[in-house]
Amino acid sequence: MLELTVEQISMGQSAVDKSAALQLMAEHLVSDGLVADGYLAGLQAREAQGSTFLGQGIAIPHGTPETRDQVFTTGVRLLQFPEGVDWGDGHKVYLAIGIAARSDEHLRLLQLLTRALGETDLAEALRRASSAEALLKLLQGAPQELALDAQMIGLGVAAEDFDELVWRAARLLHRADCVSAGFAGVLQQVEPLPLGEGLWWLHSQQAVRQPGLAFVTPQQPLRYRDQPLHGVFCLASLGEAHQALLERLCTLLIEGRGQELCRATNSRAVLEVLGGEVPADWPCARIGLANAHGLHARPAKELAQLAKAFDGEIRVRVVDSGQAAVSAKSLSKLLSLGARRGQVLEIIAEPNVAADALPALLAAIEAGLGEDVEALAVVAEAAPEMLPEPELQAPSPGAVIHGVAAAPGIASGPAHIQVLREFDYPLRGESLPIERQRLQQALAAVNAEIGALIQRSQAKAIGEIFITHQEMLADPELSDEVDQRLRQGESAPAAWMAVIDSAARQQEALHDALLAERAADLRDIGRRVLAQLCGEADIPAPEQPYVLVMEEVGPSDVARLDPARVAGILTARGGATAHSAIVARALGIPAVVGAGDAVLLIASGTALLLDGQRGRLHVAPPADELQRALAERDRREQRLQLARAHRLEPALTRDGHAIEVFANIGDSKGMEAVVDHGAEGVGLLRTELIFMAHQQAPDEALQEAEYRRVLDGLGGRPLVVRTLDVGGDKPLPYWPIAKEENPFLGVRGIRLTLQRPQVMETQLRALLRAAGDRPLRIMFPMVGQLEEWQQARAMVERLREEISVSDLQLGIMIEVPSAALLAPVLAREVDFFSIGTNDLTQYTLAIDRGHPSLSAQADGLHPAVLQLIDMTVRAAHAHGKWVGVCGELAADPQAVAVLLGLGVDELSVAARSIAEVKALVRELNYEHARQLAQQALLQGSASAVRALVEND
Ligand code: PEP
Ligand code: MG
């Protein structure tokens with residue numbers, strides 16, 4: 001990202017004219033390795049098209065699109081010309097900022113700069129600046145305005161206590177980019193100040209990016225420190241920006257008008273009282289920005305000039321940016337929006353000029369503001385890259401398609417395709433009554449559809465989801481907002497989607513698991529209504545059991561499926577360790593994932609035959625093939641019934657070798673069922689799921705109760721617990737963690753808990769206290785270094801002196817290749833290893849396990865992963881230690897023989913898979929499996945290993 005630093009600045013330069021200044025700039029850019037020699041021609045050509053003078057003595061020379069390929073590295077160089085350079089049109093330049101940018105990264109720079117370009121007269125100060133530091137200060141140090149608009153107000157927030165309310169306020173500030181993620185944590189250290197009348201005040205300068213004030217009120221009356229709690233102000237303070245606001249607030253409180261804030265039912269009322277940015281009730285219109293490089297200097301200048309022709313105020317904002325609208329007449333303000341191609345601009349005009357100004361501005365923006373533009377497609381859903389390639393062809397009848405075996409079983413039935421479709425609709429409506437009527441009809445139709453779904457759904461939980469959908473459709477707040485947009489001339493689909501999208505984004509931004517689910521629900525009903533409005537209602541699901549075909553299924557999508565109606569799941573994307581696949585296995589629905597985008601082109605109703613064990617799909621299979629498969633399904637069903645009948649017996653191979661089969665669990669409930677599925681113990685308790693189920697970090701007593709419940713349910717069988725595995729891609733909503741570029745390679749698992757030892761210590765205490773004399777095995781996730789294990793072990797040993805346990809083993813998960821490679825060293829110290837093949841595969845093959853198109857290749861039967869498992873087992877056995885496998889591979893029917901043959905001692909799988917895994921073991925011969933495993937190690941790919949097993 002472009003930032004300004006002193007190293008980029010050359011002070012005291014001189015140039016006789018603009019051409020010499022450009023020459024000098026090109027020399028700097030070339031000698032610093034940013035651009036090739038020919039870039040000078042680009043700088044000159046750009047000036048010939050139009051001056052790059054920005055105002056305040058600053059010019060921003062840069063190349064043209066044609067000279068972009070001469071840029072090696074994006075960057076900037078600043079040259080100070082104390083004597084000034086004539087830049088044409090009577091403009092004097094004291095600072096030239098040369099930009100080398102391959103794409104539109106420079107918009108960010110303009111955004112930074114234009115803060116300085118606002119009010120004060122900067123030119124003279126730039127000329128006089130005597131050091132690079134001083135110059136930089138001038139550019140960055142211009143006073144920033146306090147951000148306070150409707151987005152910063154949260155009224156009637158569902159919060160249970162003061163801390164939660166403060167956390168909500170911090171989220172609002174974060175969303176508006178006023179603070180970084182750690183701000184919520186910072187506020188916890190701050191002493192709250194009571195203002196009287198139930199109002200509280202908190203502020204901090206730490207982790208602040210730009211000044212902003214958030215105000216939140218609770219849904220229900222709360223108390224804090226024995227005083228009423230009616231509202232909280234959280235100030236992200238920077239400089240003096242908040243002074244005026246503070247004075248207004250004091251006056252208000254002195255006048256005893258604090259209640260006006262607490263009782264406010266809409267953000268407008270609060271903003272009026274506080275003097276914040278009140279959203280103008282003026283006509284507005286929206287348009288997508290199509291300029292390839294966004295609203296950069298040239299098109300912005302055009303827009304500003306056009307706006308100036310109207311004798312009334314005109315403002316512009318970027319929809320969903322969280323930024324306030326700026327004057328369309330100010331070039332620097334327009335640049336400060338940093339608007340990019342594809343973003344939607346909202347133009348708001350004073351009523352007396354709106355009728356002329358809005359169409360004129362829209363037309364000019366649509367025409368490209370002086371640039372040639374490639375029109376934007378109106379896309380309501382699904383990013384273009386998520387859609388099938390145009391040249392893809394639907395698989396022909398009889399075709400066999402290979403995907404990833406995600407959940408075993410054979411399913412047949414008509415295809416029911418559910419894809420997020422593109423909808424084209426006009427942004428402007430015909431007339432208010434017509435658009436209102438369209439919306440009403442669409443809402444009524446969807447309401448009736450949902451009503452039918454409620455009638456049909458047998459599972460209570462699924463029925464409840466649809467009842468919530470109906471409530472959302474009837475939400476008066478949503479309809480008020482939509483109506484307001486209709487009154488401003490928007491079309492029904494545009495208004496509806498804008499409101500749904502913004503409401504869903506708001507929910508998502510709060511990073512609360514429940515609210516995120518609500519956002520998914522909102523988008524769901526949003527799409528349904530949009531489909532109605534566009535005359536393309538969803539194709540109803542077939543009456544008989546069907547094969548659901550989707551791009552990708554989210555875990556919540558799977559969870560709400562009715563297993564009685566969905567015979568099988570087929571996805572274009574995703575892999576076997578994607579969470580949707582894990583949920584499909586838990587529900588016992590056969591699934592093939594990652595079968596490629598062509599499957600989305602299969603016509604709804606086409607007969608499909610899906611083999612979730614082999615990862616195969618047969619499109620419109622011939623009758624004999626279908627017959628054979630259904631016979632196999634019946635045989636499998638019989639095998640499973642037999643397996644279920646023997647589920648409580650141990651898993652012994654034909655030649656008498658035993659392997660333990662344990663269960664993976666994520667909560668403490670339902671232990672009776674887990675044991676009844678045949679679990680000989682729990683091989684992986686994912687404790688982060690217990691943490692995620694709580695609104696805040698469960699304290700020691702709460703955790704102890706959860707762990708005790710599991711141990712009680714196990715009745716003396718061993719419990720293998722994994723300490724908290726969060727961070728990176730799985731943050732806890734109440735535990736702020738700095739955003740990372742690459743969270744899978746960031747602070748997660750043991751790295752995180754070692755940084756917060758008190759969290760780990762509390763968890764360990766709770767575990768030890770819950771265990772008593774019962775068999776407890778504790779393992780640490782994501783260990784990659786010997787010291788991490790040693791530090792964790794030292795902590796347990798210290799606690800053990802305080803809390804006695806009689807049957808404790810300590811081990812690590814092997815999920816990182818470095819741990820497998822270090823196994824000979826680690827095996828001396830640990831009591832056991834448990835191989836997490838989901839992560840081990842991801843890190844060995846360098847494939848993100850959740851990657852939409854690549855994760856299908858993240859196959860744990862890849863010989864490279866098998867080599868690491870082999871090393872781990874050999875190292876452990878050499879020291880008399882045991883090894884389990886708790887990743888999804890352990891339940892893969894094709895992998896069981898290989899893992900057994902590699903000498904793995906325990907397999908930990910979803911409770912539902914236990915009976916089948918045990919039955920598979922019973923069919924094997926250990927000596928033969930060992931030979932098979934040795935051959936598997938010599939293969940060149942996962943598919944070769946699968947073929948080997950299949951033909952065995
Ligand atoms: C694994 O990585 O294999 C594992 C069991 O851990 P999780 O899937 O919870 O990351
Ligand atoms: Mg893992």
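These numbers were taken from a predicted model, which means no experiment stands behind them. Remember, it's 1-based here, ligands and their atoms both numbered in the order they're listed.
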For this session: Name all residues meeting the side chain to side chain contact (heavy atoms under 4.5 Å, CB included) criterion together with V816; count only those two or more places apart in sequence or in a different chain, and write none if there are none.
Result: M782, S818
Exercise. How are the rings of Y843 and F744 set relative to one another: parallel (under 30°), tilted (30 to 60°) or perpendicular (over 60°)?
Worked result: perpendicular
Exercise. Looking only at non-hydrogen atoms, which of V885, L889, D839 approaches atom 2 (O) of ligand 1 most closely?
Worked result: D839
For this session: Could you please give the number of protein N/O/S atoms within less than 2.8 Å of the Mg ion (ligand 2)?
Result: 2
Exercise. Which of the atoms in ligand 1, numbered in the order shown and given with their element, are less than 4.0 Å from a heavy-atom of C886?
Worked result: 5 (C)
Exercise. Which residue pairs satisfy the salt bridge (Lys or Arg N to Asp or Glu O under 4.0 Å) criterion with at least one member in residues 827-838, sequence neighbours excluded?
Worked result: R793-E829
Problem set entry | Residue part near ligand 1, for R722, under 4.0 Å between non-hydrogen atoms | side chain
Problem set entry | R686 and D725 ion-paired at < 4.0 Å | no
Exercise. Does any non-hydrogen side-chain atom of L685 lie less than 4.5 Å from one of I690?
Worked result: yes
Problem set entry | Working for side-chain hydrogen bond (donor to acceptor under 3.5 Å, both in side chains), residues W882 and E660 | CA-CA 11 Å; W882 63 270; E660 290 180 301; over 6 Å; no
Compile the donor-acceptor pairs under 3.5 Å between side chains in residues 901-909 and protein atoms, sequence neighbours left out, one pair per line.
| residue | atom | partner | partner atom | Å |
| --- | --- | --- | --- | --- |
| D905 | OD1 | H877 | NE2 | 3.4 |
| D905 | OD2 | H877 | NE2 | 2.9 |
| D905 | OD2 | V883 | N | 2.8 |
| S908 | OG | A663 | O | 3.3 |
| S908 | OG | N664 | OD1 | 2.6 |
| S908 | OG | G683 | N | 3.4 |

For this session: Check each of E815, R686, E888 against atom 5 (C) of ligand 1 and report the one with the nearest heavy atom.
Result: R686
For this session: Please identify which atoms of ligand 1 are closer than 4.0 Å to at least one heavy atom of G887.
Result: 3 (O)
Exercise. Does ligand 1 have a heavy atom under 4.0 Å from the side chain of R849, from its backbone, from both, or from neither?
Worked result: side chain
Exercise. Does ligand 1 have a heavy atom under 4.0 Å from the side chain of I835, from its backbone, from both, or from neither?
Worked result: neither
Seminar exercise, completed: Partner of F833 under side-chain contact (heavy atoms from CB on, under 4.5 Å), picked from I869, I814, V783, V885, is I814
Problem set entry | side-chain hydrogen bond (donor to acceptor under 3.5 Å, both in side chains) assessment of D839 paired with Q842 | CA-CA 5 Å; D839 277 316; Q842 135 163 292; 2.9 Å; yes
Exercise. L684 heavy atoms, cut-off 4.0 Å: which ligand 1 atoms fall inside?
Worked result: 5 (C)
Exercise. Below 4.5 Å, heavy atoms only, C-beta onward: do L900 and H657 meet side chain to side chain?
Worked result: yes
Exercise. Out of V816, N838, T841, whose heavy atom sits nearest atom 1 (C) of ligand 1?
Worked result: N838
